[in-house]
Amino acid sequence: MNVVEQVQTKLKEEIKAAVLKAGLAEEAQIPDVVLELPKEKAHGDYATNMAMQLARIAKKPPRKIAEELVEQFDKGKASIEKIEIAGPGFINFYMNNRYLTDLIPTILQAGERYGESAIGNGQKVQVEFVSANPTGDLHLGHARGAAVGDSLCKVLAKAGYDVSREYYINDAGNQINNLALSVEARYFQALGVEKEMPADGYHGADIIGIGKRLVEEHGDKFVEIDEKERFETFRDYGLKYEMEKLKQDLESFRVGFDVWYSETSLYENGKIDEALAVLKEKGHIYDEDGATWFRSTPFGDDKDRVLIKQDGSYTYLLPDIAYHKDKLERGFEKLINIWGADHHGYIPRMRAAIQALGYDEDTLEVEIIQLVHLYKNGEKMKMSKRTGKAVTMRDLIDEVGLDATRYFFAMRSSDTHMDFDLDLAVSQSNDNPVYYAQYAHARICSILRQAEEAGLTVSDRADLSLVGAEKEVDLLKKLGEFPQAVAEAAEKRVPHRVPNYIFELASTFHSFYNAEKVLDLEEKERTAARLSLIKSVQITLQNALDLIGVSAPEKM
RNA sequence: GCGCCUUUAGCUCAGUUGGAUAGAGCAACGGCCUUCUAAGCCGUGUGUCAGAGGUUCGAAUCCUCUAAGGCGCGCCA
């Protein structure tokens, strides 16, 4: 717990104590003490709405309650300088902010660990994201999912959750057959032979590339061989090629996974049969019309779902149930799936399956990533998977830049539809907020370099009583918010809070920078104190940027 | 038809657990570089929080209904 949290805790205790002393409510009746950070500086450093909350219990007007509370307050105890009653009954606390300087040595010592908290309590969480089919290039939606998923994982880890990142490889089923047939068609075409693409084929440029590469590596040797052998060869080759490409693309997007889980493995190790057997045993399975059904409606689904089709093959759902059963058996207490908006209709049946297996439905959380629309020349770009005319994640990184792309996706709440204006992102890249934040970091690094050249070093033993100017206090307050901002982003699964925080911190720093000079050889003590302050800002900015996979450059 | 998401300034979006006068960026206008990076700072203007009811001390926020847009509703994945 850092000083800020200590002071807040103390303040809350004092508020509660004052309620009891004033005899306004019984201990059990007291609502949770709410401390707000007022938007207006004139409203003090902290405010509480306790008087309003007690209005009904104490049966008195809020302002009267507030007066009685303030009378009981022990000011000396919680760094309180002044208390005022305002508005409908807010109690505003003006703090003696001297204690905030303790943050500086805390941050300097914590270094890259600053921002950590224990709010996650070591809970074992698994986050499954991207999981794009290995049948084409990653497109915009995947990029958004990758950015959000990666940031969420980092935020969760920093907030004290035990996180495992996983990618589910759909390497079984129809789409892989279509991949093999698509590769086959492209192979023949690369040889100059007319060959039609399959009806549900994949028209991406990557598959054309596979066809060409097969010809380069093997010539026409697959033309004459047995059709089944060719199919299997092309399927395996295509899958391997696609997976390698996926991994490379994600790596270059700074997104990594702990586990790559193969759907095929579920077929091979009997986990599908096992899952089916468990459901059957619990009475959630029946046969009808020659198919095998999962009775999901008792668990809130719209209709029951087919697991095994008339032709004996499995629907997508069955291996997916087996997969989630396996996740749960691996001991995860929380499963977070990040899915594209086009899969949201799938949520009720998956949650039904979780319950049917005997787990709490809330064990599974699904975060939906809404669609991304790309605009160019002021017009919405048409994307078609069918013709392969879609902008890929790689195109986007190449055009917009890695940091800007990551920041752009991370900064928006994932449940809103997103317009990505390519012209703006590319041509006016200086206006991109990512540069604003990185610039603050680079500026600090520049000052630190010059300090070093002048023989000054950052030390946590500087005389911090010299830190107290308005802009300095603003910075300290903002620095102190970081661990709570991360914790909240983690608990609420809203990683886009992090870019919000980054922007605020950068803004506070830029403002400070223009108001106060750090390096002043006439005033070595003050300079030392300010160096330790800006070093703290640098550390915090770097840590925050790292949470969203954006670099913190030392020069720009 | 049913389900989920969205609707906040000209544009793109924040808005914390229901709090005080709803905020940023972009765009517009006016200032600030002989002084640590002007990719910056300071200032000015900007609202039917889609609409209507309800809950209450208090609603952009919670509930109900309506409208608009998106996505889904398969023995596809």
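Just so you know, these numbers come straight off a predicted model, no measurement behind them. Lettering follows sequence order; numbering is per chain, from 1. Values reported hereafter were calculated over all heavy atoms of this structure, with side chains retained and with hydrogens, waters and symmetry mates removed.
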Worksheet item: Base, sugar-phosphate, or nothing: which does A/Lys555 touch, judged by heavy atoms less than 4.0 Å apart?
Response: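 It contacts base atoms.
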
Item to complete: Indicate, with a heavy-atom threshold strictly under 4.0 Å, whether A/Glu554 touches base, sugar-phosphate, or nothing.
Response: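 The answer is base, as A/Glu554 lies within the cut-off (heavy atoms under 4.0 Å) of a base atom.
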
Could you give the distance separating [M] and [N] at their [atom1] atoms, to the nearest angstrom?
N	M	atom1	answer
B/A68	B/C62	C1'	23 Å
B/C49	B/U37	C1'	39 Å
B/A14	B/A9	C1'	13 Å
B/A24	B/G18	P	24 Å

Item to complete: Check every atom of B/C75, B/G40, B/U6 against the side chain of A/Ala291 and return the nucleotide holding the closest atom.
Response: B/C75

Discussion item. With hydrogens left out and only the distance checked, is there a donor-acceptor pair under 3.5 Å joining A/His373's side chain and the base of B/G70?
Written reply: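 Donor-acceptor pair under 3.5 Å: no.
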
Worksheet item: Are A/Arg526 and A/Asp520 ion-paired here, with the side-chain N under 4.0 Å from a carboxylate O?
Response: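 No, A/Arg526 and A/Asp520 are not salt-bridged.
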
Worksheet item: With centres under 5.5 Å and planes under 30° as the test, does A/Tyr436 stack with B/A39?
Response: no

Name every residue in [range] that has at least one heavy atom under 4.0 Å from any atom of RNA chain B, in order of residue number, or write none if there are no such residues.
range	answer
residues 506-529 of chain A	A/His510, A/Ser511, A/Tyr513, A/Asn514, A/Glu516, A/Lys517, A/Val518, A/Leu519
residues 304-320 of chain A	A/Val306, A/Lys309, A/Gln310, A/Tyr314, A/Thr315, A/Tyr316
residues 336-347 of chain A	A/Ala341, A/Asp342, A/His343, A/His344, A/Gly345, A/Tyr346

If the condition is salt bridge (charged side-chain N to carboxylate O under 4.0 Å, His left out), which residues does [X] pass it with, not counting sequence neighbours?
X	result
A/Glu84	A/Lys82
A/Arg235	none
A/Lys64	A/Glu68
A/Asp171	none

Practice prompt. Using the test side chain to side chain donor-acceptor pair (under 3.5 Å), find all partners of A/Ser413 that sit at least two apart in sequence or belong to another chain.
Written response: A/Asp415

Worksheet item: Who pairs with A/Tyr168 by ring-ring contact (aromatic ring centres under 6.0 Å, His included), at least two apart in sequence or on another chain?
Response: A/Tyr323

Discussion item. Any side-chain to backbone donor/acceptor pair from A/Thr527 onto A/Glu523? Under 3.5 Å, distance only.
Written reply: yes

Worksheet item: 5'-most contact on RNA chain B: A/Leu371 or A/Pro62, nearest heavy atom basis?
Response: A/Pro62

Response to the item:
Between A/Arg449 and A/Gly87, whichever has its closest RNA chain B nucleotide further toward 5' is A/Gly87

List, one per line, each side-chain donor-acceptor pair under 3.5 Å for residues 479-491 of chain A, sequence neighbours excluded.
residue, atom, partner, partner atom, Å
A/Glu481, OE1, A/Lys478, NZ, 3.2
A/Gln484, NE2, A/Gln8, OE1, 3.4
A/Glu488, OE2, A/Arg497, NH1, 2.4

Discussion item. I'd like to check the side-chain contact (heavy atoms from CB on, under 4.5 Å) partners of A/Met411; sequence neighbours left out, ordered by chain and number.
Written reply: A/Tyr407, A/Pro433, A/Pro499

Fill in: Consecutive Watson-Crick or G-U pairs in runs of at least 3, all under 3.5 Å, in which RNA chain B is involved
B:1-7 with B:67-73, B:10-13 with B:23-26, B:28-32 with B:40-44, B:50-54 with B:62-66

